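What follows is a set of notes on a single structure, which appears directly below.
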Amino acid sequence: RWPIEELSKGGSWGSISLRNRFSNYFCDKKHWWKFKVKELYSWYEKHKNLINKELFLKAVEAADPKLLIPKYIPKKPKGKLIVIGCGKASAAMAKSFEENYDGDYSGIVVTNYGNNIQTNKIEIIEASHPVPDIKSYNAAKKILNITKNLSADDLVLFLLSGGGSALLCYPEDGIDLQDKIYINEKL
């Protein structure tokens, strides 16, 4: 959960009720993620008198894949390195990985429509969120396929962020994709 979402449910920051001040920004839980960093800074400029700038910038920085991913780059394995992932930030995570890893690798990540980022070797697939679609299913099949037949010397790096359950949808036998879509639409 995004911390400010908790506060917007009735918490307060000083004497300012966040529910009243921020309900236009945070009441639509399905779409809060559409705020990109540039938009967050623009939002901050409009509301900077309500929040502490240093705290705001630290929160944005703490979630920035460019700063986070380099801390967790694995050592080169003896075998292959396969990068897989899913989530709304997975394309940005894949890009950050590519910018910081100097060995050989391949991979696939699936992100939501409109969140594609150009990468060199990692294939980025766009699919539907919050309701899965056929591309979610096909992405899951592709990822399962590239992770078959790995050896003990191979390494799989899994980049996971919010939205993965819809973006990487592979229903169990007996449940078809249309059932999964129907359930997600009703939630």
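For the numbers below, each heavy atom of this structure counts, side chains included, while hydrogens, waters and symmetry mates do not. In this text the structure is predicted, and so the values were computed from the model without any measurement.
Of all heavy-atom pairs between I122 and I108, the closest is CG2-N, 4.0 Å. Between G87 and S90, the closest heavy-atom pair is O-OG, 2.8 Å. Residue T111 comes nearest to K88 through the heavy atom pair OG1-O, 3.3 Å, listed as atom of the first residue, atom of the second, then distance. Annotation for D154 and K80: closest pair OD1-N, 2.6 Å, computed over non-hydrogen atoms. Contact between V110 and A127 at its shortest, heavy atoms only, is CG2-CB, 3.8 Å. Minimum heavy-atom separation, L168 to A140: CD1-CA, 3.5 Å.
The number of heavy-atom neighbours closer than 6.0 Å to NZ of K66, taken from other residues, nucleotides and ligands shown, is 12 or below. Within 6.0 Å of NZ on K180 lie no more than 12 heavy atoms contributed by other residues, nucleotides or ligands. Around atom CD of Q118, no more than 12 heavy atoms belonging to other residues, nucleotides or ligands sit under 6.0 Å away. At most 12 heavy atoms of other shown residues, nucleotides or ligands fall within 6.0 angstrom of atom CG in N149.
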Please assess K142 against I125 for the test side-chain contact (heavy atoms from CB on, under 4.5 Å), listing each intermediate value before the final yes or no.
-> CA-CA 10 Å; K142 270 184 117 167; I125 298 173; 3.9 Å; yes
Given side-chain contact (heavy atoms from CB on, under 4.5 Å), test T147 with F158 step by step and report yes or no.
-> CA-CA 11 Å; T147 56; F158 185 39; over 6 Å; no
Salt bridge (charged side-chain N to carboxylate O under 4.0 Å, His left out) between D104 and K76: does it pass, once the steps are laid out?
-> CA-CA 8 Å; D104 193 32; K76 294 177 188 174; over 6 Å; no
Could you walk me through whether N115 and I117 pass the side-chain contact (heavy atoms from CB on, under 4.5 Å) check?
-> CA-CA 6 Å; N115 229 3; I117 294 174; 5.8 Å; no
So S106 and I82, side-chain contact (heavy atoms from CB on, under 4.5 Å) or not? Walk me through it.
-> CA-CA 5 Å; S106 62; I82 307 293; 3.4 Å; yes
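Interatomic distance, OG1 of T119 versus CD1 of I124, reported as 4.0 Å (0.5 Å rounding). Taking CG from D179 and CG from N184, the interatomic distance works out to 11.5 Å, rounded to the nearest 0.5 Å. Taken from CD in E123 to CD1 in I143, the straight-line distance is 9.0 Å, to the nearest 0.5 Å. One finds the NE2 atom of H129 at 11.5 Å from the SG atom of C169 (value rounded to the nearest 0.5 Å). A distance of 9.0 Å separates CG in N120 from CD in E99, rounded to the nearest 0.5 Å. Taking CG of L159 as the start and SG of C86 as the end, the distance is 9.5 Å to the nearest 0.5 Å.
The closest donor-acceptor contact from the side chain of S96 to the backbone of P65 lies under 3.5 Å.
Checking E98, K95, M93 one by one against I69, the side-chain contact (heavy atoms from CB on, under 4.5 Å) holds for a single residue, M93.
Relative ring orientation between Y101 and F97 is described as parallel, the plane-to-plane angle staying below 30° on a 0-90° scale split at 30° and 60°.
When the side chains of ILVMFWY residues are joined at heavy-atom separations under 4.5 Å, either directly or via intervening members, L160 and I84 end up in a single hydrophobic cluster. Note on I73 and L68: separate hydrophobic clusters, where clusters join Ile, Leu, Val, Met, Phe, Trp and Tyr whose side-chain heavy atoms are under 4.5 Å apart, directly or indirectly.
Members clustered with L144: V131, I134, Y137, Y170, L177, I181, by chain and number, using a 4.5 Å side-chain heavy-atom cutoff among hydrophobic residues.
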